[in-house]
Amino acid sequence: MKSLIALLLLISLLTPQSKADVLTEGWYKLLLGQQHIGYIVQRFELNKKKNQVQMTSFLRTNALGGDITESIQANSTVGFEPISFQYSILKGKDATLIDANFTGDQSVVKVTEKGGKLQTFRDKIPKGTF
């Protein structure tokens, strides 16, 4: 599972998006005191044609850092109104996946946790939230 999440994230980071301009990209080493415990990769892109901003992030820590693998991909309009959000975390052998989509003032959030248990939440987003 860890390898699959890491592979999918790296493919998404390295695969050219449809004419998106990279605004910023960073590769960061995580330290706890003076010990290396993992790394973070982040990328922000602007798709002028779709008028959207995309943020992709990947975090990986070793046992000292909690043995965590985490990925996030968030899409919004250039005005930062949310479009979608995908989050996954693998801590040890426990995985959680969150998939959210936003349309107007409505959100649909699907959360998958231990054993594949799926919960779906539908909410109205209060005006002025974003």
Side-chain angles (χ1 to χ4, degrees):
M1 181 78 169
K2 287 182 192 179
S3 299
L4 178 61
I5 290 172
L7 178 62
L8 291 174
L9 181 68
L10 287 175
I11 289 171
S12 72
L13 284 173
L14 299 175
T15 303
Q17 303 296 319
S18 61
K19 303 198 185 208
D21 296 325
V22 175
L23 299 174
T24 184
E25 181 175 78
W27 303 71
Y28 308 96
K29 182 177 180 179
L30 292 175
L31 300 173
L32 180 61
Q34 296 298 315
Q35 281 194 287
H36 179 232
I37 63 166
Y39 57 90
I40 298 174
V41 179
Q42 291 183 319
R43 173 185 269 181
F44 291 85
E45 297 172 281
L46 172 64
N47 188 323
K48 292 178 185 176
K49 191 171 186 176
K50 291 183 176 182
N51 212 23
Q52 294 180 0
V53 176
Q54 180 178 54
M55 187 279 294
T56 304
S57 175
F58 179 75
L59 169 123
R60 176 71 183 118
T61 65
N62 60 22
L64 186 59
D67 192 27
I68 298 169
T69 303
E70 178 183 74
S71 69
I72 302 169
Q73 186 170 41
N75 294 291
S76 72
T77 66
V78 291
F80 297 107
E81 295 171 355
I83 297 169
S84 65
F85 177 83
Q86 290 79 36
Y87 173 80
S88 65
I89 185 167
L90 182 61
K91 187 171 183 181
K93 295 185 179 191
D94 296 328
T96 301
L97 306 170
I98 300 173
D99 186 18
N101 288 291
F102 304 88
T103 306
D105 64 353
Q106 299 294 313
S107 68
V108 177
V109 180
K110 296 178 181 181
V111 180
T112 306
E113 294 182 286
K114 295 178 186 176
K117 180 182 174 188
L118 175 67
Q119 294 179 310
T120 301
F121 303 92
R122 298 177 194 287
D123 292 303
K124 182 174 181 178
I125 303 168
K127 187 173 179 142
T129 300
F130 298 100

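Since the structure is predicted, the reported quantities are computational estimates derived from the model, not experimental observations.
Under a hydrophobic-cluster definition in which Ile, Leu, Val, Met, Phe, Trp and Tyr are linked whenever side-chain heavy atoms come within less than 4.5 Å, directly or via other members, I89 and F85 are assigned to the same cluster. Put simply, I98 and F102 are part of the same group of oily side chains (I, L, V, M, F, W, Y) that touch within less than 4.5 Å, one to the next. Using a 4.5 Å cut-off between side-chain heavy atoms of Ile, Leu, Val, Met, Phe, Trp and Tyr, with links allowed through other members, I125 and V53 fall into the same hydrophobic cluster. L118 and V111 fall into different hydrophobic clusters, where Ile, Leu, Val, Met, Phe, Trp and Tyr are joined by side-chain heavy atoms under 4.5 Å apart, directly or via other members. Side-chain heavy atoms closer than 4.5 Å link hydrophobic residues (I, L, V, M, F, W, Y) into clusters, and following such links, even through other members, never connects V22 to M55.
Remark: T56 OG1 to F44 CZ distance equals 9.0 Å, nearest 0.5 Å. E113 CD to D94 CG: the interatomic distance, rounded to the nearest 0.5 Å, is 9.5 Å. One finds the OG1 atom of T69 at 3.5 Å from the CZ atom of R60 (value rounded to the nearest 0.5 Å). One distance of note links CD of Q35 with CG of L64; it measures 5.0 Å at 0.5 Å rounding. F58 CZ to Q73 CD: the interatomic distance, rounded to the nearest 0.5 Å, is 13.5 Å.
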(message) Does K29 form a side-chain contact (heavy atoms from CB on, under 4.5 Å) with I37? I'd like the steps, not just the answer.
(response) CA-CA 8 Å; K29 182 177 180 179; I37 63 166; over 6 Å; no

(message) Test side-chain contact (heavy atoms from CB on, under 4.5 Å) on H36 and L31; report intermediate values, then the result.
(response) CA-CA 5 Å; H36 179 232; L31 300 173; 4.2 Å; yes

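Between K124 and D105 there is a salt bridge, with a side-chain nitrogen of the basic residue lying less than 4.0 Å from a carboxylate oxygen of the acidic one.
Judged purely by atom type and a 3.5 angstrom limit, T61 uses its side chain to pair as donor or acceptor with the backbone of I68. Here the side chain of N47 pairs a donor or acceptor atom with the backbone of K49 at under 3.5 angstrom. Remark: side-chain polar atoms of R122 are not paired, donor with acceptor, to backbone N or O of S107 under 3.5 angstrom.
By the side chain to side chain contact (heavy atoms under 4.5 Å, CB included) test, I40 is found to be paired with Y28, L30, Q42, S57, L59, residues two or more places apart in sequence or in another chain being considered.
A side-chain N or O of S84 and one of N75 form a donor-acceptor pair less than 3.5 Å apart.
Two residues are said to be in side-chain contact when any heavy atoms from C-beta on lie closer than 4.5 Å; N51 and T77 fail this criterion. Side-chain contact check for L46 versus V78: some heavy-atom pair is nearer than 4.5 Å.
Considering every non-hydrogen atom in both S88 and L97, the closest pair reads CB-CD2, 3.3 Å. Across all non-hydrogen atoms, the minimal contact from D21 to K48 is OD2-CE, 3.4 Å.
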